[in-house]
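Step one of this worksheet: look at the structure below.
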Amino acid sequence: MATLAGCGASETKGPGVTLKLVAADYGDSKKNTRRNNWDALVKAYEKKTPGVDVDVSVRTWNDVDREVKEMVAAGEAPDLAQIGTYADYASADRLYEVDDLLSIPVQANFLSPLAGAGKVRRTAYGMPFAASTRVLFSNKKLFAEAGVDSAPRTWNELADAAGALDKAGVETPYALPLGPEEAQAETMQWLLSGGSGYADDVGTYRIDSDDNVRTFTWLKNELVDKGLTGPTAPADLNRADAFTAFARGDVGMLNGHPSLMRMAADPGVEYGTAAMPGIDGRDHATMGVADWMMAFKQNGHRDEIGDFLDFVYSDENVLSFSREYDLLPVTSSASDAMTADQDDTDLTPFLDELPTAELPPVGKTSWADVSAVKEQIGRAVRPGAKPRVVLEQLQQTAMVADRAE
């Protein structure tokens, strides 16, 4: 843990106010730890706002959600937390409503799908902090060697390309990471490309819908059973391992987010990006993901929290963070600025998808239990498995969690 303490407030206005913020670290080394980004931002804020200090504790993604949960349970909630989930705290009436914190221009600037995903029962509690979408990455060298001229637009084209890559000796024609690390993300992208998703438009879970059964039946029959997903069974393949294999040049295609660009470019892998193929090539939603900022009521400080967050969500700060960690801006103005900047053209495919992206049902408190799909969904494509049976079992879990909510 790194604690960044400001100075100057107490010298100008008595004791002042100290805001405590717990944040996740997006960096992968000491050089680009999120601590450095917060340090600069906090110093700039405290310089312009005497009387308010901001203490920031930066935790790893492995620990941050659990540690905030422990702090809240112990009656020591921070003023602010930037973590993965917010719905449980909102349902327990522990969070300020976003309307009570942000100025109208700042709140209205959030991209629509992200703002909508931050609501519980139509009231906004979660503020999107970092966003990403997924696109199909392809290895240009392997495609050329296999005689594949362009990225697939349909499932059948993807299967044909995977078959050609397999014949050319590619170890993993299509990497299908359905291991427990992040299977819920790979699953959702495939469900969307098949015309469905985890829940319907009113938030009712539909994991075992006919469309979803069709999607996983196709994956099993046309990719997995034909040996086109590599030597590691999808249920045992985690996203990080799939990305590493792509960066080694062992994978022909996979779904990836922006951080894969740097991973692939560093060792010299030439890659292409394209929209994820759909069942018949028609337009379909892509998956979006977001991390969330939230403000706890326990310590008061509503006005100070709101003022600080208005500063955090300025274009300068949103763009600085997004560019440092290969993430997408969560505000319309920053997104427009990045789209117009020639230095950010490599993010264009991801930016193009974000305004219409569909996010998991994170506003449902039951999602924490339902997202355990990542521990089970890989069973649906194992040898001898019946995808409908596995999806029906997951639907039962979702219904129980939904009734409890």
Side-chain angles (χ1 to χ4, degrees), residues 24 26 61 65 82-91 95 98 107 109-135 181-207 209 211-212 215 239 255-259 275-276 278 283-294 313 318 322 327-332 334-335 347 349-374 377 394 398 401-402 405:
Y26 291 83
W61 269 113
D65 283 275
Q82 177 260 301
I83 53 178
T85 59
Y86 68 89
D88 284 354
Y89 301 123
S91 294
L95 301 181
V98 177
Q107 186 175 355
N109 199 22
F110 288 133
L111 289 165
S112 179
L114 304 181
K119 295 180 179 180
V120 174
R121 300 181 183 89
R122 297 181 295 280
T123 298
Y125 295 95
M127 292 158 277
F129 186 77
S132 183
T133 56
R134 302 293 170 96
V135 299
E181 178 192 4
E182 202 185 29
Q184 78 280 8
E186 180 75 10
T187 296
M188 183 170 178
Q189 184 58 72
W190 276 100
L191 299 185
L192 291 172
S193 72
S196 191
Y198 286 120
D200 61 22
D201 292 339
V202 296
T204 302
Y205 289 112
R206 55 180 183 187
I207 296 173
S209 70
D211 284 342
N212 290 345
T215 295
R239 187 264 306 163
N255 281 320
H257 52 63
S259 68
M276 174 67 183
D283 289 341
H284 59 272
T286 191
M287 185 194 69
V289 293
D291 302 319
W292 302 96
M293 180 73 77
M294 62 212 70
Y313 284 107
V318 171
S322 300
L327 293 165
L328 305 182
V330 297
T331 62
S332 296
S335 184
L347 287 171
F350 303 93
L351 290 164
D352 288 346
E353 299 285 355
L354 188 57
T356 57
E358 185 170 324
L359 279 73
V362 292
K364 296 170 69 67
T365 58
S366 58
W367 176 244
D369 293 325
V370 176
S371 63
V373 64
K374 65 186 181 181
I377 193 62
L394 293 171
D402 214 24
E405 178 183 1

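In this text the structure is predicted, and so the values were computed from the model without any measurement. Residue numbers run from 1 in the order of the sequence given.
Ring geometry for Trp367 against Tyr205 counts as parallel: the plane angle stays under 30°, on a 0 to 90° scale with 60° as the upper cut.
Of the possible polar contacts, none joining the Glu358 side chain to the Ala285 backbone as a donor-acceptor pair under 3.5 Å is found. In this structure a side-chain-to-backbone donor-acceptor pair under 3.5 Å is present from Glu181 to Arg239. The main-chain N or O of Thr331 is never found under 3.5 Å from a side-chain atom of Ser335 such that the two would form a donor-acceptor pair. A donor-acceptor contact shorter than 3.5 Å is absent between the side chain of Thr204 and the backbone of Asp200. A side-chain donor-acceptor contact under 3.5 Å links Thr133 to the backbone of Phe350. Checking side-chain atoms of Asn212 against main-chain N and O of Tyr198 turns up no donor-acceptor pair under 3.5 Å.
The two residues Arg206 and Ser196 make their nearest non-hydrogen contact at NE-OG, 3.4 Å. Contact record, Pro128 with Val330: O-CG2, 3.4 Å, taken as the closest heavy-atom pair. The heavy-atom pair separating Ser332 from Leu111 by the smallest distance is OG-CD2, 3.6 Å. The minimum heavy-atom distance linking Gly195 with Asp211 is given by the pair O-OD2, 3.8 Å. For Pro349 against Val135, the heavy-atom pair with the smallest separation is O-CG1, 4.1 Å. Between Ala131 and Leu114, the shortest heavy-atom distance links the atoms CB-CD1, 3.9 Å.
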Check the pair Ile83, Met294 against side-chain contact (heavy atoms from CB on, under 4.5 Å), reporting the backbone distance first and the verdict last. CA-CA 8 Å; Ile83 53 178; Met294 62 212 70; 3.5 Å; yes

Lys119/Tyr125 under side-chain contact (heavy atoms from CB on, under 4.5 Å): CA gap, chis, key distance, verdict: CA-CA 6 Å; Lys119 295 180 179 180; Tyr125 295 95; over 6 Å; no

Between Gln189 and Thr286, is the side-chain contact (heavy atoms from CB on, under 4.5 Å) condition met? List the steps. CA-CA 6 Å; Gln189 184 58 72; Thr286 191; 3.0 Å; yes

May I have the step-by-step check of side-chain contact (heavy atoms from CB on, under 4.5 Å) for Ser322 and Leu328, ending in yes or no? CA-CA 6 Å; Ser322 300; Leu328 305 182; over 6 Å; no

List the steps, then state whether ring-ring contact (aromatic ring centres under 6.0 Å, His included) holds for Phe110 with Tyr313. CA-CA 9 Å; Phe110 288 133; Tyr313 284 107; 5.0 Å; yes

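Once rounded to the nearest 0.5 Å, the distance linking CD1 of Ile377 with CH2 of Trp190 reads 13.5 Å. To the nearest 0.5 Å, the span separating CD on Glu186 from CG on Leu191 amounts to 10.0 Å. Separating the CG atom in Leu192 from the NE2 atom in His284 is a distance of 7.5 Å, to the nearest 0.5 Å. Separating the NZ atom in Lys374 from the OG1 atom in Thr187 is a distance of 11.5 Å, to the nearest 0.5 Å. The CH2 atom of Trp292 sits 12.0 Å away from atom CD of Gln82, with the distance rounded to the nearest 0.5 Å.
Between Thr85 and Asp65, some side-chain heavy-atom pair lies under the 4.5 Å cut-off. When side chains are defined from C-beta on, Pro360 does not count as touching Gln184, because their heavy atoms never get closer than 4.5 Å. In this structure, the side chains of Leu347 and Pro258 come closer than 4.5 Å at one or more pairs of heavy atoms. Proximity of Ser259 to Leu327: side-chain heavy atoms (C-beta onward) are nowhere separated by under 4.5 Å. No side-chain heavy atom of Thr365 sits under 4.5 Å from any side-chain heavy atom of Tyr86.
Here Arg134 pairs with Glu182 in a salt bridge; the nearest charged N to carboxylate O distance falls below 4.0 Å.
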